Amino acid sequence: MSNYIDIIPILLEGLDITITVLIGSAIFGYLIAFLAGFGRLSKNFIIRNFTTVYIEIFRGTSLVVQLFWFFYVLPGLLGFELSAYLIGVIVIGMNYGAYMSEVVRGSVLAVSSGQTEAATALNMSRFQRMRFVILPQAIRMMLPEFGNYLIQMLKATSLVSIISLSDITYVGLLYRDANISEGVAVFTMLLVMYFIIALPLIGLTRWLERWASKGVATE
Amino acid sequence: MTWDWSTVVDVFPHIFEAMWTTLGLTIVCFTVALIVGGIWTFLKRVKFKPFNWLISFIIEFIRSTPPLVQLYFLFFAWPLIPYVGVTLEPFTVAVFGLGIHFSTYISEIYRSGIEGVPKGQIEAATALNYTTFQKWTKVILPQAIPPVIPMLGNYLIIMFKEIPLTIVVGVAGMLTAAEVYGVNNFEYLEPYTLVAFFFLAMSYPSALFVQWLERKLNKRHESDNKKSTKKGVTTS
């Protein structure tokens, strides 16, 4: 049992990378989600089709393939290297952003049309309608789903270990390579650590679900 | 690095061949997920609180930890566990690692399908003196299965996109073929782009098919409702 506890400080060395990649890709992902979500609702033909192509490419190919592509191919195309950290954040953010943009689009469309009509009757501009009437209600619907995707993103951060970023998975693998008999302890503790990081996120999602369903008039 | 068509011609057969492994693996993984998902749903219906908590904990644990680490665990750690551990082939690791991970999502889908069957139906079946087995095979499952099929289809596509993950335990899928070719020929652009294209070419049409299926099932459901309202039957 003692070797299980001895491994914790070793794994903790990678914790900062795991957490910062999670925070970075979450912020970037939510940003993309709103941009692409509104892009698909746009009246402009070019913007709408451009975002549709982006969403389908990122949802249709695999996250692992995207990571490999960005890591091995992109530097050659661009002529300069991006850091592995930046690639991790960008790829996870863009991939989950594409998925979450559908959540944004769906929530905006789910706000009942009577609300829009009432706002129009009050002589609100298109921007005002979105800002004061539709978005406050739509965001309420989005948040629980955003919480779910946050847990998904946490799991996805483990993939940055394959592009040699030293997150907790990478640190654990290195340690196992040096001490092969410790395999069970290393991977058990890794699973436990991911679960412990996920626990507050699970709680947050449950709370958001309750909060979002409270006091909402249903038709 | 510039795009070279002769490389594409060269690498295409390798990736095309590996595609069958990826597809086959997806099917086998999905079958495992469907079966294990059913087992979870069944276990969760056992009405004994502590057992219920235990099952919920296990499911939550599997769901919220990365499949990557679960694959590593099965591949590197499982053989070391005394008495139970046996060395597993990469293919078996992939099948059980991803299959069990996805079974936790799929059991949620089953649950939503079962809960979607109106309570009155089950009560009516009880009133007709159906046995539990008859209730499930004749009343609940026939109504629970059709609405969840599109959702299961979605998970089949998601699983297909997770298969490249198994590269870490050395399963020879499309991504592995591209990597091997890239390392041997110092050409990365064409192989990886081709793999991405293959994934898109397969998952996008499948996603469209699932959407179509969903719309079709919805429409049938609506027309069913209309028909029964006409006959003066109220539907819940």
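Side chains included, hydrogens not; waters and symmetry mates left out as well; all remaining heavy atoms used. Order of the sequence lines sets the chain letters (A, B, ...), proteins ahead of strands, with each chain counted from 1. Quick caveat: nothing in here was measured; it's all calculated off a predicted structure.
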TODO: With a 4.5 Å cut-off on heavy-atom pairs, point out which of B:W78, B:F199, B:F160 contacts chain A the most.
DONE: B:F199
- [ ] Check each atom of B:A196 against the heavy atoms of chain A and say whether the ones under 4.5 Å are side chain, backbone, both or neither.
- [x] both
TODO: Check each atom of B:I157 against the heavy atoms of chain A and say whether the ones under 4.5 Å are side chain, backbone, both or neither.
DONE: neither
Open item on the list: What verdict does the side chain to side chain contact (heavy atoms under 4.5 Å, CB included) test give for A:E13 and A:S166, after you've listed the backbone C-alpha separation in whole Å, the side-chain angles of each residue and the deciding distance to 0.1 Å?
Closed with: CA-CA 8 Å; A:E13 282 168 28; A:S166 52; over 6 Å; no
Open item on the list: Can you list the residues of residues 185-201 of chain A that sit under 4.5 Å from chain B, counting heavy atoms only?
Closed with: A:F187, A:T188, A:L190, A:L191, A:V192, A:Y194, A:F195, A:A198
- [ ] Quick one: do A:F68 and A:V73 satisfy side chain to side chain contact (heavy atoms under 4.5 Å, CB included)? Show the steps, please.
- [x] CA-CA 8 Å; A:F68 272 82; A:V73 176; over 6 Å; no
Open item on the list: Quick one, B:P66 and A:T169 - any side-chain contact, counting heavy atoms below 4.5 Å?
Closed with: no
Open item on the list: Would you say that A:I92 contacts A:V160 through its side chain, given a criterion of any heavy-atom pair below 4.5 Å between the two side chains?
Closed with: yes
Open item on the list: Could you walk me through whether A:Q137 and A:Q115 satisfy the side chain to side chain contact (heavy atoms under 4.5 Å, CB included) test, starting with their C-alpha distance in whole Å, then the side-chain angles of each, then the deciding distance to 0.1 Å, before giving a yes or no?
Closed with: CA-CA 10 Å; A:Q137 299 180 66; A:Q115 300 274 342; 3.1 Å; yes
- [ ] Heavy atoms only, distances under 4.5 angstrom: which of A:T157, A:V64, A:L63 has the most pairs with chain B? Name it, please.
- [x] A:V64
Task: Toward chain B, the part of A:S158 with a non-hydrogen atom under 4.5 Å - done: both
Open item on the list: Which atoms of A:F71 are under 4.5 Å from chain B, going by heavy atoms: the side chain, the backbone, both sets, or neither?
Closed with: neither
Task: Toward chain A: residues of residues 101-116 of chain B with heavy atoms under 4.5 Å - done: B:H101, B:Y105
Task: Per-residue contacts, residues 8-26 of chain B versus chain A, heavy atoms under 4.5 Å - done: none
Task: A:L159 versus chain B, the contacting section by heavy-atom distance below 4.5 Å - done: both
Task: A:F70 atom CZ: more than 12 heavy-atom contacts under 6.0 Å - done: yes
- [ ] Could you please spell out the steps behind the side chain to side chain contact (heavy atoms under 4.5 Å, CB included) verdict for A:L15 and A:L11?
- [x] CA-CA 7 Å; A:L15 190 68; A:L11 294 180; over 6 Å; no
Task: Contact origin within B:Y204 toward chain A - heavy atom pairs under 4.5 Å - done: side chain
Open item on the list: At a 4.5 Å cut-off on heavy atoms, which part of A:Q66 comes close to chain B: side chain, backbone, both, or neither?
Closed with: neither
Task: chain A contact via B:S206 - which portion, at a heavy-atom distance below 4.5 Å - done: neither
Open item on the list: With a 6.0 Å cut-off (strictly less than), is the heavy-atom count around CZ of A:R206, excluding the residue itself, greater than 12?
Closed with: no
TODO: Among B:E60, B:Q70, B:E162, B:M202, single out the residue with the greatest number of heavy-atom pairs under 4.5 Å to chain A.
DONE: B:E60
- [ ] Measure distances from B:L175 to the heavy atoms of chain A and classify the residue's part below 4.5 Å as side chain, backbone, both or neither.
- [x] side chain
TODO: Report, by ascending residue number, the residues of residues 19-47 of chain A in heavy-atom contact with chain B at a distance under 4.5 Å; give 'none' if the set is empty.
DONE: none
